[in-house]
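Chain letters run A, B, ... following the sequence lines, proteins first and then strands; every chain starts at 1.
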Number of protein chains: 2
Amino acid sequence: MNTSIVRRPKPRATISDVARLAGVSISTVSRVINDTAPVSEDVEQRVRQAAEMLSYTPHAAARNLAVRKTYMIGLLLPELGNNFFAPLLRGVENAVRPTEYQLLVHASLRSLEDAPWRRSSIGEHNADGMLVFVNSTDEEELLRNYQREFPMVLLFFSGPRSANIPHIGFDNASGLRQVVEHLVTVHGRRQIAFLRGPVGNFDSDEREMAFCQTLERLGVAWRPELIVRGHYTSVGGESAIQALLDRGIAFDAVFTGDDEAATGVMAALRRANLRIPEDVAMIGFDDLPFAGYLNPPLTTIQAPVERAGFLAATKLLSILAGEIPEIATRLPVELVIRQSCGCRR
Amino acid sequence: MNTSIVRRPKPRATISDVARLAGVSISTVSRVINDTAPVSEDVEQRVRQAAEMLSYTPHAAARNLAVRKTYMIGLLLPELGNNFFAPLLRGVENAVRPTEYQLLVHASLRSLEDAPWRRSSIGEHNADGMLVFVNSTDEEELLRNYQREFPMVLLFFSGPRSANIPHIGFDNASGLRQVVEHLVTVHGRRQIAFLRGPVGNFDSDEREMAFCQTLERLGVAWRPELIVRGHYTSVGGESAIQALLDRGIAFDAVFTGDDEAATGVMAALRRANLRIPEDVAMIGFDDLPFAGYLNPPLTTIQAPVERAGFLAATKLLSILAGEIPEIATRLPVELVIRQSCGCRR
DNA sequence: AGAGTTAATGAAAGCGCTTTCAAAAGTATG
DNA sequence: CATACTTTTGAAAGCGCTTTCATTAACTCT
């Protein structure tokens, strides 16, 4: 194997090369490239031609250094596993594309061995602002960046109380209200299992609270043993429900924190010979693309993930443009009724 | 609304600030930060302390400019819609994380209004190398970058014949062979509809070829009207099959280019009161997470998407390290037999 | 025709860092 | 104690660009 023969790509044309070829100064080249000052007709032509011939493209780092901007937006995520991610990123991209900014994605299962100054590079240096997904960083760093007035928008959590950082999330309370009311009022279920996400997940916490409150409001007692922890994954859902089944805890409905977990729950229930929705009704969250194709088609809360991504990026862009946006945005969610809850077509 | 009061974040500490505070020169600071030359014990201490106090972090653009490297890997994708994307990106990230590189994601439904020098910035300037997803750019640009010896790895296509750029893809031929043989040999199907992806999609073209060849080898005539075009989406699959149905073209099996389309096909078949697999057997491609939870569970080709992402990134990193990797890598795929093909548990 | 403007251009500084080169300080050697 | 090395440090150049400021050229008016 041919190790470490460092083969640098051919040197690129610089602004000086263009200037020389066009017979002008580099200032002039800069001006025609950026259209920052009037330049005479023929000089402009010459410069453009020279640039074309050398297939010149400005060197980003140099430009960034000079203007003290990176034209980059950081996107900080925990691991990129879930299906949530595709529509979210799509939304972000759609907002960013028409601008001069680019997207720097950073999945941050932060390795602790990293040098401290390397770890958070995205937040502090390689970007002009950043979009922070829930659970992708700690409060301390968030606070540090906040104090430096580093532009940020938070996704699906609101950040430290003391900070007041703009954020975007779903209206979890309303969603839960819809779910619980539907299950209790329409289908008469009273023993609803709630398969929540991991501890510390902001949305999950909110939902759990709303779950219990709505139940109480409807005069149904909620039982702690029916609130179980999953992983927002298929196997997570499967094993959580299996555990409930094994412990002999009765329930007549299950609400899962996301659709992916719902597939696992379905598998577990089927294995236990429980019919959906007759024996146990099911409702999911997210309305992922396949939800309607499950068996039975999954009733679920539709959450506008792509829109959330789009709005978050838009918000950040507006901050970068010097505007002062609203701090909190809650996106409405809506119950999509299919058949897993017991409704007929 | 408070428009365009440009509020720059507070100025950060620079290397000179640290140097001043520590009472040394900036060269020395640079040396301790990067550990590029021996520095006496106490000076090192002083510098580290000063850096800590000012919470100094080097400015990436400046460093990049000086070392003529961006430490960034570009990832060029078409739109980020599909579910394919999450595992792919996960693989890429896993390969990139332990290194000093970062990931610059660029979804390139290139808008034609962009200035020509802006359009391709990722390829030429903001990254040290790039991962190019199929259909995310045109041959011309690929060739330009190739001639400049810009490090690239192609994902799921092999690029222009003349270029010889390293690439990673699936072993489509083998996959198709498995599918067709299974359908023909095990289940005796002879009228297999092939729902392929968009025209110009490299994988789709390869698969179509293998599809026809295998059929011929098995002595089954293939009919052009059974090869239909979809979109790698659920609705795309649905309408394609619906069209077949409407035109009264008979088939006893359908192979879809991906699992997402398969969900649509299932819907269309069900609507036509055709039973799966009795009336028409089905096989998908990709083995997306939900495939096993469809009704009936989908027999499909499992493609190691995450691994492909990981390997592609690894390959690019090795190029950046000066090694010369293999040009072509084909990842094996495997038929996962569930029930939509007609097999029993 | 000369003074006063205006438009187009270039020279040069500076963005924050790395890195080469030389100087200074310390150590070993004859 | 002078000489020859080492080791540690600083000065300064340069990476490729933007931008300010000064200069020159070209007009416009009286």
Side-chain angles (χ1 to χ4, degrees), chain A residues 8-48 50-51 54-72 100 117-118 121 124-126 128, chain B residues 8-47 50-51 54-72 100 117-118 121 124-128:
Chain A
R8 282 199 185 288
K10 291 183 186 162
R12 294 191 309 254
T14 73
I15 198 172
S16 325
D17 298 327
V18 177
R20 201 172 316 121
L21 184 57
V24 297
S25 74
I26 61 168
S27 331
T28 301
V29 176
S30 173
R31 284 191 269 257
V32 355
I33 296 277
N34 301 305
D35 194 29
T36 63
V39 164
S40 73
E41 183 69 18
D42 68 319
V43 168
E44 168 156 1
Q45 284 310 317
R46 289 216 311 280
V47 170
R48 289 210 186 288
L54 300 171
S55 58
Y56 166 72
T57 358
H59 190 308
R63 185 216 223 54
N64 294 346
L65 184 57
V67 300
R68 258 143 312 195
K69 262 191 92 159
T70 66
Y71 291 102
M72 241 175 266
E100 54 201 343
W117 61 267
R118 254 236 157 271
S121 58
E124 314 208 343
H125 289 278
N126 286 334
D128 295 337
Chain B
R8 281 202 185 287
K10 292 183 186 160
R12 294 192 310 253
T14 72
I15 198 172
S16 324
D17 298 327
V18 177
R20 202 172 316 121
L21 183 58
V24 298
S25 74
I26 60 169
S27 331
T28 302
V29 176
S30 173
R31 286 191 269 257
V32 356
I33 296 277
N34 301 304
D35 195 29
T36 63
V39 164
S40 73
E41 184 69 20
D42 69 319
V43 167
E44 167 154 2
Q45 284 309 318
R46 290 216 310 281
V47 170
L54 300 170
S55 59
Y56 167 72
T57 358
H59 189 308
R63 185 218 224 49
N64 294 347
L65 184 57
V67 302
R68 257 142 313 190
K69 261 191 92 156
T70 66
Y71 290 103
M72 241 175 267
E100 54 200 343
W117 61 267
R118 252 236 157 273
S121 57
E124 314 208 344
H125 288 279
N126 285 333
D128 295 338

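- Regarding L65(A), its CG atom lies at a distance of 14 Å from the P atom of dG14(C), rounded to whole Å.
- Residues I15(A) and Y56(A) come closest through the heavy atom pair N-CE1, 3.5 Å.
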Go along nucleotides 18-23 of chain D 5' to 3' and tag each nucleotide: B for a protein heavy atom under 4.0 Å from its base, S when only backbone or sugar atoms are that close, - otherwise.
BBB---
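- When rounded to the nearest whole Å, the span between CD of E41(A) and P of dT9(C) equals 11 Å.
- Of all heavy-atom pairs spanning R63(A) and P58(A), the tightest one is NH1-CB, 3.7 Å.
- Of the candidate nucleotides dG10(D), dG16(C), dG16(D), dG16(D) has the atom nearest to the side chain of H59(A).
- Between T28(B) and dG10(D) there is a side-chain N or O to OP1 or OP2 distance below 4.0 Å.
- Side-chain nitrogen and oxygen atoms of T14(B) include none within less than 4.0 Å of the OP1 or OP2 phosphate oxygen of dC15(C).
- With a 4.5 Å cut-off on side-chain heavy atoms, V47(B) and E44(B) do not count as touching.
- When rounded to the nearest whole Å, the span between CG of D42(B) and C1' of dA25(C) equals 14 Å.
- The end-to-end axis angle of the helix from dA1(C)-dT30(D) to dG30(C)-dC1(D), rounded to 10 degrees and based on five pairs per end, is 50°.
- Counting all heavy atoms, side chain and backbone alike, L54(B) lies closest to A13(B) at CB-CB, 3.8 Å.
- Residues passing the side chain to side chain donor-acceptor pair (under 3.5 Å) test with D42(B), sequence neighbours excluded: S40(B).
- A distance of 4.5 Å separates CE of M72(A) from CE of M72(B), quoted to the nearest 0.5 Å.
- Between D17(A) atom CG and dC17(D) atom P the separation is 9 Å, expressed in whole Å.
- Between S25(B) and the phosphate of dG10(D), there is a side-chain N or O to OP1/OP2 separation shorter than 4.0 Å.
- Between V43(B) and R31(B) there is no side-chain heavy-atom pair separated by less than 4.5 Å.
- Summarising the geometry, the separation between CZ on R68(B) and C1' on dT20(C) is reported as 12 Å, rounded to the nearest angstrom.
- For the atom pair D35(B) CG and S30(B) OG, the distance stands at 11.0 Å (nearest 0.5 Å).
- Contact of the T14(A) side chain with the H59(A) side chain is not registered, since no non-hydrogen atoms from C-beta on lie closer than 4.5 Å.
- Taking atom CG of residue N64(A) and atom P of nucleotide dC17(C), one finds them 14 Å apart after rounding to whole Å.
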